[in-house]
Amino acid sequence: MERVDLFKLRKVLGKRGNFLALGIALVVMMFFYPTEGKFRYHYKKGSPWLYATLEAPIDFPILKTQEELLKEKSRAAESMIQYFRKDENAFNKALTSFSEKCFSDSVSSAVQDIVSKSIADIYQTGILPEKVLEDKVVFIQRGRNASSEIEKDLYTPQKAIKTVEAELKYAFPHLDIDSLCASLAIEDYISPNLIYDKSTTDELHRMAVDYISPTKGMVYAGENIVSEGEIVTAEIAQILDSYKAEYQKSVGYSGNIFMLYLGHLLIISLLLVLLYIAVYFSDPDVLTHQNEFNFLVFIMCLNFVVMMLVRKISPDLLYLLPFAVSVLYISAFLYNRVVLPVYLVSVMPLLLISESGIELYMIAAVSGTIAFVTFSLYQRGWLQFVNTLYLFIAAVIVHIGFKLLSEGTIFPLDQKIYLYLFIGSVLVVVTYPFVFLMEKMFYMVSISTLKDLSDTENKILEELATKAPGTFQHSMQVANLAERAALAIGCNPRIARVGALYHDIGKLNNPQAFIENSRAGINYHKELSPVESAQTIIKHVEDGVAMADKAKLPKLIKDFILSHHGHSVAEYFYNVYCNNGGDPADKYLFTYQGNLPSTKEEVVVMISDAVEAAARSLSEYSEETISALVDNVVSKRIAGNQLMRADITFKNLNIIKSVLKRQIREIYHARIAYPKRNSSA
């Protein structure tokens, strides 16, 4: 057993493609790792400071809280200053119209002078549209210059008319001013000359809101920030948050940048080593299948990159990410024993990049485990969304647990976090269909696809059952045998079953050439030479591959078609050829030109196919004859070097033989003869 493990270890370590994949992952993850230092203090408002007394090592500004910034912006929004532009032509038009009125009505020059001067002063000051004048500032642009004015110092049309009337009463106390103003129609020459500029007002408003300073004071180097054991109050937490922000900013762009990169390199390298170890100890066979290992590395990179990008937008958004879908992706292609170890390693970066890293990691771990269990129960149609409820409840329980640990209460409720957790739970179901994209990307076959392919009502298998019923029954028997044998040696029984169902589809092109489909009394090969007969039989492998290509079946199935006979010989026709005087050296004419099996599943199908076909020729189905038949089939494959490329042990072969012997005995067990009823009975 030790020698086998050492051989496998050498084989795994010799896979250069695996290390290339890890190297590419290292480069990608280094690129997306944020260029900032890791703040080494963890603290919670209301909890004691667990470290030594902290003094400020550098000067840094105190950042305002979001609540403070919002209040200041709200005040700035309420004190919006309106902006007006003065219409320079309005006065000239009004004065010209008034002069024409005075000339036509023969108004005295004294009255005309008083009114003209009053109108000129009013227009010079500015007339606003009719409104209640308040004691607030407005901006007025006159020509190229803009100045601030108090609204009450300006005029409205009504105020301007009263001002003109007051000037006339003062100048001509003996006249009937009301009648005079009515005859002059003063209101016709008073109109607003201050035009509201909405776009400029909005811009000034935006600038006023944006100009609010994000800081409110300084902490200088050497000042005491918090003492050991002191309770972290809201004020202290604000100072610590400010120090943390300045620390990360400084380390990210200081001379220590190379040390920072070295730290990132070490951490990411360790994560990738953990991934490699998790795969090796859960299913080392994955390391010998390049596409499967590439897929797991891709999942690791995808989780890492998404974490980093989302964290850059907002750390709280990490609660929204559907990490549990990674469990479903992995379980769709690989054994269950691989899923959780790899998944738990792939979400470990959460521990490094967030202050709530432990909580987020626990949410991801628990949700992933729940998804692993519940999706096996609810995976069809609308029932998939039942999983959303389970995932959401699990995530909320973890969040509440951590909130109780840190704050001692669940109130106030983190409504935003709960919303993110719910959306993340829904996204697990919504993003699962991307598994079919990964199926194409990595040339693997998912469990869903295997289920569809094993459905005997699909087009190819239905055609096989109709046109070549004998071959169809043979394939079904081989599938049953292969499935049991694969399960016994720990390889994938679904893959073995599907491979067995399709391994002989090439016989559809000429079903009568094969004994299981021939009609009674008809011998297809009667008029053919042994070479022609052998070539006809051998051709079903080539025809099967062509049919698989036409039907766009996965490469996995083509591998089974090519490998189920390997490089074996069509012995019946070869022996006839030799017995009839043919040259034994012409063996190549009777040899299949397929591939040698390389996986355990392919070996299982090859042996199951040969055993099932040979079992039909037995005249007696005793334990001895069945045992001898199975042993003979396996021995021939070993002696003919048909298994030389397969990753399979003699222990596996012995288990396969034992399973096949038992299954053949059960299929061809003796049946009791039914007694005939006496005619007198």
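This is a predicted model, so every value here is computed, not measured.
Side-chain polar atoms of Q141 and N145 form no donor-acceptor pair below 3.5 angstrom. A donor-acceptor contact closer than 3.5 angstrom links the side chains of S199 and D197. Remark: the N303 side chain and the S326 side chain contain an N/O donor-acceptor pair separated by less than 3.5 Å. Y420 and D414 are not linked by any side-chain donor-acceptor pair at a separation below 3.5 angstrom, with hydrogens and angles left out of the test. Side chains of T65 and Q238: a donor-acceptor N/O pair is absent below 3.5 angstrom, by distance only.
Aromatic rings from F32 and F304 are positioned such that their centres are separated by 6.0 Å or more. F295 has its ring centre less than 6.0 Å from the ring centre of F333. Here Y276 and F19 bring their ring centres to under 6.0 angstrom of each other.
Looking at L63 and D241, their side chains never come closer than 4.5 Å, going by heavy atoms from C-beta outward. Side-chain contact between F323 and S346 is absent, with no heavy atoms from C-beta onward closer than 4.5 Å. Considering only heavy atoms from C-beta on, I299 comes within 4.5 Å of M438 through its side chain. Side-chain contact between Y43 and I236: absent, with no pair of heavy atoms (C-beta onward) separated by less than 4.5 Å. I81 has its side chain out of reach of L204: every pair of non-hydrogen atoms, C-beta onward, lies at least 4.5 Å apart. Looking at heavy atoms from C-beta onward, L419 lies out of side-chain contact with Q415 at the 4.5 angstrom threshold. Side-chain contact between M29 and L272 is present, with heavy atoms from C-beta onward closer than 4.5 Å. Side-chain contact between L133 and T156: present, with at least one pair of heavy atoms (C-beta onward) separated by less than 4.5 Å.
Under the 3.5 Å distance criterion, the side-chain polar atoms of E223 are matched with a main-chain donor or acceptor of Y220. Side-chain atoms of Y123 do not come within 3.5 Å of backbone N or O of P192 as any donor-acceptor pair. Of the possible polar contacts, one joining the S425 side chain to the F392 backbone as a donor-acceptor pair under 3.5 Å is found. At least one donor-acceptor pair closer than 3.5 Å links the side chain of Y361 to the backbone N or O of L344. A donor-acceptor pair is defined here as one N or O able to donate and one able to accept, closer than 3.5 Å; no such pair exists between the side chain of T215 and the backbone of G217. Side-chain N or O atoms of N18 include one that pairs as donor or acceptor with a backbone N or O of L287 at under 3.5 Å. Within the 3.5 Å criterion, the main-chain N or O of T409 finds no donor-acceptor partner in the side chain of K403.
Between L128 and L154 the shortest heavy-atom distance is CD1-CD1, 3.8 Å. The shortest heavy-atom contact between L318 and S354 is CD1-CB, 3.9 Å. In terms of heavy-atom proximity, T201 sits nearest to Y83 at OG1-N, 3.0 Å. Contact between M307 and P349 at its shortest, heavy atoms only, is SD-CB, 3.6 Å. For the pair S331 and I447, the tightest heavy-atom approach, listed with the atom from each and the gap, is O-CD1, 3.1 Å. The two residues L391 and S367 have their closest heavy-atom pair at CD2-O, 3.2 Å.
Seen from the ring of Y335, R337 counts as a face-on cation partner, given the 6.0 Å and 45° thresholds.
Of the charged side-chain nitrogens involved, at least one lies within less than 4.0 Å of a carboxylate oxygen, so that E149 and R142 count as a salt-bridged pair. Using a 4.0 Å cut-off between charged side-chain N and carboxylate O, R206 and E203 make a salt bridge. Under a 4.0 Å N-O distance rule, the pair K198/D202 qualifies as a salt bridge. For the pair K152 and D135, the salt-bridge criterion is not met [side-chain N within less than 4.0 Å of a carboxylate O].
The distance from the CD atom of E439 to the OG atom of S446 is 3.5 Å, given to the nearest 0.5 Å. Taking CG of L194 as the start and CD1 of I127 as the end, the distance is 7.5 Å to the nearest 0.5 Å. One distance of note links CG of N193 with CZ of F84; it measures 11.0 Å at 0.5 Å rounding. Here I397 contributes atom CD1 and L421 contributes atom CG; the two are 11.5 Å apart, rounded to the nearest 0.5 Å. How far OG of S282 is from CG of N336: 11.5 Å, rounded to the nearest 0.5 Å. Taking CG of N492 as the start and CG of L334 as the end, the distance is 9.5 Å to the nearest 0.5 Å.
In this pair, W49 and Y41 present their aromatic rings tilted. The plane angle is within the 30 to 60° band.
By the neighbour-count criterion of 12 heavy atoms within 6.0 Å, atom CG of L405 is densely surrounded, having more than that number from other residues, nucleotides or ligands. More than 12 heavy-atom neighbours from other residues, nucleotides or ligands sit within 6.0 angstrom of CD on E134. Counted within 6.0 Å of OH on Y390, heavy atoms from surrounding residues, nucleotides or ligands total 12 or fewer; the atom is thus considered open.
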- Check step by step if side chain to side chain donor-acceptor pair (under 3.5 Å) holds for N294 and Y443. CA-CA 11 Å; N294 290 346; Y443 300 99; over 6 Å; no

Should E228 and Y51 be marked as a side chain to side chain donor-acceptor pair (under 3.5 Å) after you check the CA-CA gap, both sets of side-chain angles, and the distance that decides it?
CA-CA 6 Å; E228 183 178 359; Y51 307 93; over 6 Å; no

- Task: Give the intermediate values and the outcome of side chain to side chain contact (heavy atoms under 4.5 Å, CB included) for residues L265 and L26.
- Result: CA-CA 8 Å; L265 178 65; L26 178 65; 3.8 Å; yes

- Can you list the steps and then say if Y319 with E359 is a side chain to side chain donor-acceptor pair (under 3.5 Å)? CA-CA 10 Å; Y319 286 94; E359 178 186 345; 3.3 Å; yes

**Asked** Would D647 and D285 satisfy side chain to side chain contact (heavy atoms under 4.5 Å, CB included), going step by step from the backbone distance to the final call?
**Response** CA-CA 9 Å; D647 182 19; D285 287 340; 3.5 Å; yes

